[in-house]
Amino acid sequence: MRVAVLGLGEAGSLYAKAFVQEGNDVVGFDPRTVDVPAGVTTAGSVAEAVAESDLILSLTTAKPSVAVAEEAAEAIRDGAVYLDLNAASPLRKRDVAEAVGSRARFVDGAVIGSVPRYGAQVHVLLSGPHSDDAADLLRTIGARAEPIQGRIGDASQRKLLRSVFMKGLGALITEAMRAGEETGEVEWVRAQIAGELAQGEDTLDRLLKGTRTHALRRAAELGDSLDLLADRERPWPMAEAARSVHLELTREGTGRLADALAAVPTSALGDGGDRLGFLDSDIKPMWSSAPIAGPAFTVLTRPGDNQAIHHALPLTRPGDILVVAGGGETNRALIGELIAERAQLRGIAGMIIDGAIRDVNEIAHLGFPVWAKGVSPAGPFKSGPGRLRTTIAVAGAVCRHGDYIVADADGVLVVPADSAEQVLAAGRAVIADEQRRQSDIRASAVSRS
């Protein structure tokens with residue numbers, strides 16, 4: 001069998017060597033100056049390498065893969081198997097298949113596992129109508145080839161899904177080890193990581209269940225971890241991201257907590273905490289609605305422009321409160337009746353807008369709660385820019401996506417998501433204390449009479 005290997009990097013060289021060892025005629029091409037494995041013939045071009053080849057392995061990296069396929073198509077023989085093993089998106093794989101054309105049997109290949117560790121025997125997923133053909137050829141060198149049929153791009157899709165875990169895990173381990181180094185606990189941290197990784201599916205199930213069950217508490221714990229590391233020079237993006245994931249999980253069951261927060265006046269919640277997190281007193285209810293509470297969906301927009309609000313609405317969840325940092329501009333309304341009705345139909349609990357609105361009577365008639373800085377009949381621009389789900393400064397307060405918003409007749413309070421339960425308990429304690437003092441005052445008045 002004649003095998004063409006396009007790209008003689010680490011993986012390409014390993015495959016070329018393995019096919020040579022099985023007695024195949026192997027020709028390789030690489031535009032760079034590379035060490036060529038013994039027994040591999042080098043070609044001066046892609047076309048020269050693929051001519052008369054039965055199997056073509058493309059290991060060029062994703063960026064040039066389409067151009068390489070176009071060049072190969074000029075010389076490829078009818079019925080040859082063209083196996084693209086580059087790590088690329090499903091769309092890129094389909095583009096490569098189109099460039100190769102119908103003369104070859106194109107197969108999408110995705111390497112699953114470590115090539116340096118397993119060599120040419122590494123696990124490879126194969127998709128497309130001809131994946132069985134490619135699997136048979138790879139198995140001649142002992143490869144763990146797994147054809148999944150399906151569409152071209154399905155194998156690469158699975159690889160990318162695996163990468164979310166594997167690359168994230170690698171980055172998380174790297175950051176955890178760095179934290180150990182920074183604090184002089186590297187060996188202890190290393191032992192903790194190694195111990196957990198050794199327990200397979202038991203660890204997986206425990207982490208999945210525990211993460212969902214204790215998301216809010218663990219988000220708070222990660223916040224403390226970030227505080228511990230805050231005076232270090234390095235950033236801690238994986239810890240920040242992990243905290244964000246935990247906070248996002250808390251949003252899956254926010255109804256009861258939101259209802260409980262809405263039942264406590266913002267004044268009591270503030271008194272029970274540090275009295276920070278209030279929006280400026282310019283932000284007022286636009287009509288006399290009931291109090292609301294829920295997780296913030298944050299929007300940062302250019303003053304007087306509501307493009308970002310339009311982009312945000314389809315991404316919200318029932319119970320969310322849209323919090324718009326509009327720069328306090330009151331000469332142009334950021335929302336009106338139509339946007340309010342769309343938001344209401346999506347189940348949004350209300351909106352907090354550091355800017356102006358219009359159609360106040362119509363919004364009141366809808367019964368959709370809105371707190372804003374002012375009212376203007378002038379419509380907004382719709383050209384952007386804007387940002388969604390980011391930390392914003394809104395009317396004198398800082399609000400992170402997922403923090404809790406509580407709004408009533410007195411104003412609006414931002415409650416950090418990872419301390420919402422503590423703030424609720426403190427607010428209830430304030431109410432209880434006020435009721436006790438009020439009872440004492442009334443009892444004293446009765447006794448004097």
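Sequence positions, counted from 1, serve as the residue numbers for this chain. Every value quoted in this text rests on a predicted model; they were computed, and no experiment measured them.
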Under 3.5 Å donor-acceptor, [X] side chain and [Y] backbone:
X	Y	value
Asp354	Val394	no
Arg94	Gly153	no
Glu337	Glu362	no
Lys159	Ala87	no
Asp108	Ser156	yes
Glu146	His123	no
Ser89	Arg92	yes

Please name the pair of heavy atoms, one in [X] and one in [Y], separated by the smallest distance, quoted to 0.1 Å.
X	Y	answer
Ser289	Trp371	OG-CH2, 3.4 Å
Gly113	Val122	C-CG2, 3.9 Å
Leu85	Tyr15	CD1-CE1, 4.0 Å
Lys93	Gly109	NZ-O, 2.8 Å

Where does the angle between the aromatic ring planes of Tyr82 and Phe106 fall among parallel (under 30°), tilted (30 to 60°) and perpendicular (over 60°)?
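Tyr82 and Phe106: parallel rings.
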
Among side-chain atoms of Thr266 and Asp408, is any donor-acceptor pair under 3.5 angstrom?
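A pair is found: one side chain offers a donor N or O, the other an acceptor, under 3.5 Å apart.
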
Flag for Asp305-Ser383: side-chain donor and acceptor within less than 3.5 Å
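Side-chain D/A pair, Ser383 to Asp305: present.
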
Any Lys/Arg nitrogen of Asp320 or Arg317 sitting under 4.0 Å from an Asp/Glu carboxylate oxygen of the other?
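No.
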
Criterion side chain to side chain donor-acceptor pair (under 3.5 Å) on Asn306 and Thr301, from CA distance to verdict:
CA-CA 7 Å; Asn306 75 352; Thr301 185; over 6 Å; no

